[in-house]
Each structure stands twice: as structure tokens, then as C-alpha cells.
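Any value given below was found using the heavy atoms of this structure, including those in side chains, with hydrogens, waters and symmetry copies removed. All of these numbers come straight from a predicted model, not from anything done at the bench. Numbering of residues begins at 1 and proceeds along the displayed sequence.
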Amino acid sequence: MNYHIRFTVEAEDDLLRLFDFLLEQDVAVAERAEAAIYKAVELLEIFPFSCRKADDEWSNHLLRELLIPFSSSGYVALFEIENEQTVTIISVRHQREDDYH
């Protein structure tokens with residue numbers, strides 16, 4: 001079974017913010033980061049339950065985090081398994097950021 005992946009507006013804003021930051025530094029690095037994130041998200045089409053549970057106050061076992069390695073650190077995507085067909089990316093942050101935006 002393949003899941004449909006969708007991004008919230010907030011998650012799309014997060015990606016733009018992260019890419020804009022990298023574009024100021026190095027265009028090639030920004031392109032590699034973008035490719036790494038979208039490649040990692042492909043895992044969620046088949047195996048969303050393989051990702052770690054997010055530490056949330058409601059103990060929602062369908063709220064999870066995808067670790068995305070990149071360079072010496074990487075990114076974390078917060079997502080929810082909506083149903084048997086849909087996974088929603090809620091937010092994306094750099095691993096060195098304090099929390100999701």
C-alpha cells in the first residue's frame with residue numbers, strides 16, 4: 001500500500017525558510033538539501049510507521065518524526081498518519097533548531 005504525501009501550508013513555509021537560508025550561503029548546498037529532504041519523504045509513501053513517535057503531550061501514536069540526514073546534522077519532519085491513505089507533513093525544521101515553527 002502506498003500513502004499519499006501532502007504538506008501543510010506551514011510545512012511548505014518551513015521548507016522555503018530553510019532553502020532561503022541555504023541559498024544565501026551556497027546554491028549547490030541548497031539544491032542538495034532540497035533533494036535529500038524530498039528523497040527521505042519518499043520513505044513515508046511506503047513505511048510511515050517505521051519512523052519514531054513524536055514526543056507529544058497527547059501521546060498520539062500517529063504523530064511521528066522523520067529524521068533526514070544531511071551533512072553533519074540534518075532535518076526533522078513532523079508528520080501525522082491521517083488514515084490508511086494519507087500522510088501529512090506538518091512541519092520541517094533543522095536538527096539544530098530549538099523546535100518546530
Side-chain angles (χ1 to χ4, degrees):
M1 167 187 355
N2 280 359
Y3 290 82
H4 170 73
I5 307 299
R6 69 178 201 92
F7 290 80
T8 63
V9 172
E10 294 80 10
E12 290 174 349
D13 289 346
D14 288 339
L15 291 172
L16 288 174
R17 176 182 53 81
L18 294 167
F19 296 146
D20 285 346
F21 173 80
L22 288 176
L23 283 171
E24 293 176 8
Q25 314 299 316
D26 187 329
V27 173
V29 171
E31 290 172 347
R32 288 197 323 269
E34 179 180 36
I37 290 170
Y38 286 111
K39 181 70 176 168
V41 166
E42 289 177 7
L43 169 82
L44 301 179
E45 293 177 349
I46 302 170
F47 301 114
F49 285 99
S50 67
C51 297
R52 73 181 185 190
K53 293 177 185 175
D55 183 24
D56 70 298
E57 60 191 69
W58 302 284
S59 299
N60 178 354
H61 71 281
L62 298 177
L63 191 63
R64 296 185 175 243
E65 292 180 319
L66 172 65
L67 299 179
I68 305 166
F70 184 74
S71 191
S72 62
S73 58
Y75 301 92
V76 182
L78 179 67
F79 69 93
E80 184 171 14
I81 303 166
E82 297 282 342
N83 53 47
E84 302 84 26
Q85 300 170 337
T86 307
V87 170
T88 301
I89 308 289
I90 299 168
S91 185
V92 183
R93 67 175 173 84
H94 191 274
Q95 287 183 3
R96 293 185 180 154
E97 287 184 273
D98 288 336
D99 207 353
Y100 298 102
H101 295 271

Open item on the list: Distance check, rounded to the nearest 0.5 Å: Arg17 atom CZ versus Arg93 atom CZ?
Closed with: 10.5 Å
Can you give each donor-acceptor pair under 3.5 Å made by side-chain atoms of residues 68-82, sequence neighbours left out, with the distance rounded to 0.1 Å?
| from | atom 1 | to | atom 2 | distance (Å) |
| --- | --- | --- | --- | --- |
| Ser72 | OG | Arg96 | NH2 | 3.3 |
| Ser73 | OG | His94 | NE2 | 3.2 |
| Glu80 | OE2 | Asn60 | ND2 | 3.3 |
| Glu82 | OE2 | Thr88 | OG1 | 3.3 |

Task: Cys51 SG to Leu63 CG distance, which is reported to the nearest 0.5 Å - done: 11.5 Å
- [ ] Verify the cluster assignment for Ile5 and Phe47: are they in a single hydrophobic cluster under the rule of side-chain heavy atoms below 4.5 Å apart?
- [x] yes
Could you list the donor-acceptor pairs under 3.5 angstrom formed between side-chain atoms of residues 20-37 and any protein atom two or more places apart in sequence or on another chain?
| from | atom 1 | to | atom 2 | distance (Å) |
| --- | --- | --- | --- | --- |
| Asp26 | OD1 | Ala28 | N | 2.9 |
| Asp26 | OD1 | Val29 | N | 3.4 |

Open item on the list: Under 4.5 Å side-chain heavy-atom separation, chaining through any Ile, Leu, Val, Met, Phe, Trp or Tyr, what else clusters with Leu16? Say none if it is isolated.
Closed with: none
TODO: Kindly determine whether Phe7 and Asp14 satisfy side-chain contact (heavy atoms from CB on, under 4.5 Å), including the steps that lead there.
DONE: CA-CA 10 Å; Phe7 290 80; Asp14 288 339; over 6 Å; no
TODO: Would you sort out whether Leu44 and Ile89 count as a side-chain contact (heavy atoms from CB on, under 4.5 Å), showing the intermediate values?
DONE: CA-CA 10 Å; Leu44 301 179; Ile89 308 289; 3.5 Å; yes
Open item on the list: Is there a side-chain contact between His61 and Lys53 in this structure, where contact means two heavy atoms from C-beta onward sitting under 4.5 Å apart?
Closed with: yes
Open item on the list: Restricting to non-hydrogen atoms, name the atom on Tyr3 and the atom on Asn83 that form the minimum distance, rounded to 0.1 Å.
Closed with: CE2-O, 3.4 Å
Task: Nearest atoms (heavy-atom pairs only) where Glu65 meets Ala54 - done: CG-CB, 4.0 Å
Open item on the list: For Glu84, I'd like to know if atom CD has over 12 heavy atoms of other residues, nucleotides or ligands within 6.0 Å.
Closed with: no
TODO: Measure the spacing between OG1 of Thr8 and CZ of Arg6 and express it to the nearest 0.5 Å.
DONE: 7.0 Å
